[in-house]
2 protein chains.
Amino acid sequence: MRNVTTASTVADHEVLAAVLQVRAGSLQVLLWERAREPHAHRWSLPGGRLGATEDVETSIRRQLEEKVDVRQLSHVEQLAVFSAPDRVPGERVIASAFLGLVPSDVDPVLPSDTAWHPVAALPRTAFDHESIVRRARDRLRAKLSYTNLGFALAPPTFTISALRALYSAALGYRVSATNLQRVLSRRGLLEPTGDTAPPGRAGGRPAALFRFTERGIEVTDPFAVLRPPNQARGGAAT
Amino acid sequence: MRNVTTASTVADHEVLAAVLQVRAGSLQVLLWERAREPHAHRWSLPGGRLGATEDVETSIRRQLEEKVDVRQLSHVEQLAVFSAPDRVPGERVIASAFLGLVPSDVDPVLPSDTAWHPVAALPRTAFDHESIVRRARDRLRAKLSYTNLGFALAPPTFTISALRALYSAALGYRVSATNLQRVLSRRGLLEPTGDTAPPGRAGGRPAALFRFTERGIEVTDPFAVLRPPNQARGGAAT
DNA sequence: CCAAAAGTGTTTAGTTTACACCCATGC
DNA sequence: GCATGGGTGTAAACTAAACACTTTTGG
């Protein structure tokens, strides 16, 4: 049964990342412009060939070092494998696609061929990279709702209205600052630093500064329904 | 830091599936016993080498035909890439792992080296296959809560108490038939067939038969929180 | 008539949205 | 004082869990 009739495939494997950040009020993705064929002058996701001694996550982190300091990457996770035989011209290349997130307060120095582009208005992209970007955006939107992933978009400390702007940009619709604060506070994700931010020129009450209590991703709303009986909100049973 | 052998890695690529089914009241996974080294006599996930002309999903469906008739597979989805350089001995092999589901009413004819095993009491497994099974189980549990994925575990028609048993086995804790029916009905996932199932020897009211209204997976509870304003439960904005 | 199983009614609890209102600051 | 933005109080809507009770069958 191990006798696969099709010739055993030995394929190149690349890793690609859709690195997302909220910049200038919109969700943007890091792309580089291809200089050479195929797909010259189209925009492409950063990444490259998988090395012989590394797994895919190690590889994408290594390769992103050229673009974004690894310490600036607040979150990295696998999205999916893209494996259509003709997804790139020439020799077959299978891609492991990742979502990467960068907090809104960092502004990495970029190579000259690299730039941020709004996810809602992508330039002409190479290969299947546009669908990878959409997948990354959708994954981010979903996880903002049921995990603490907001920490990966936000600076170390922030006001609620700044956080509201980040969530609004990522989700694509207005989020109420009032309710955002309550939902995140109820779940124990936010804590006040005790400091306040000075008001703008127009005045206004100084905003309290907050931080996320956890720095790593956690599922905060595990069972919307069908949760185990007689428990407030337990994790999955063994 | 750039000393990684970036000699473009050409690696074998395999596809593996954790095929799950509720059998005899427990969630079970389809495994085959390895006859040869490495890891002889350990139990392994079905799958094999990716073919040259197919993508990973086509490949896993093709390879599962040997074990389970494809028409009996009610759902297939990607889990993740497993790519640790030493995950299998010898030449490097990268694996794309899948979750497969089989309705509880089918009982495929299996090769002699293949058998179902309870996910909660796995035999000694080969390579990293145990962690793939756990990933599959966790994915199923999560999606039972916020999608209509129950359709993939259930026969074409079923009683509520039979459905309750399926959900209980998959989730690992008691689910109330009353609330299960209400949750699924409210979401419009269930419809009565009009028929009833005869009661057992001990009597009792005959149970009404139901079916799922949709046969493909759909997200039914897209935003637990942070949903768009002024909408009952809209999908994500563009 | 009683036991058994299925299904419904209703209460209770919890969560989130919406919105009115109060607070603190600059000018 | 008043405009401006920040933050809280509170009501309303919605959802689901828990549980008592009714329905329908076999013996």
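Just so it is clear, the model here is predicted, and its values are computed rather than measured. In the text below, chain A, chain B and the rest are named by the order of the sequence lines, each starting its count at 1.
Checking Leu180(A) against Phe210(B), the closest nucleotide of DNA chain C that is more toward the 5' end is the one next to Phe210(B).
Salt bridge Arg124(A)/Glu130(A): absent, no basic N to carboxylate O contact under 4.0 Å. For the pair Asp107(A) and Arg23(A), the salt-bridge criterion is met [side-chain N within less than 4.0 Å of a carboxylate O].
Going from atom CG of Asn179(A) over to atom P of dA11(D) covers 16 Å, rounded to whole Å. The nearest whole Å value for the distance from the OH atom in Tyr173(B) to the P atom in dA18(D) is 11 Å. Between the P atom of dA16(D) and the OH atom of Tyr146(B) lies a distance of 16 Å, rounded to the nearest Å.
When distances run from any side-chain atom of Ile160(B) to the nucleotides dA24(C), dG7(D), dG7(C), the shortest one goes to dG7(C). Here the nucleotide nearest the side chain of Ala207(B), chosen from dG7(D), dC27(C), dA6(C), is dA6(C). Nearest to the side-chain atoms of Pro199(A) among the listed nucleotides dC19(C), dT25(C), dG7(C) stands dT25(C). Of the candidate nucleotides dA4(C), dG7(C), dT25(C), dG7(C) has the atom lying nearest to any side-chain atom of Ala208(B). In the set dT8(C), dG27(D), dG6(D), dT8(C) carries the atom at the smallest distance from any side-chain atom of Gln181(B).
Between the base of dT17(C) and the side chain of Arg174(A) there is no donor-acceptor pair shorter than 3.5 Å. If you check distances only, the side chain of Arg205(B) never reaches the base of dG26(D) with a donor-acceptor pair under 3.5 Å. Evaluation of atom-type donor-acceptor distances gives no pair under 3.5 Å for the side chain of Arg182(A) against the base of dG7(D).
Among the atoms of the strands shown, only primed sugar atoms or phosphate atoms (P, OP1, OP2) are found under 4.0 Å from some heavy atom of Ser161(B). Arg186(A) comes within 4.0 angstrom of a nucleotide base, judged by non-hydrogen atoms across all strands. Residue-level contact check: Ala177(A) touches neither bases nor backbone, having no heavy atom under 4.0 Å from any strand.
The aromatic rings of Phe212(A) and Phe158(A) sit tilted relative to each other, their planes meeting at an angle between 30° and 60°.
A donor-acceptor distance shorter than 3.5 angstrom exists from the side chain of Ser74(A) to the backbone of Leu101(A), with no hydrogens or angles considered.
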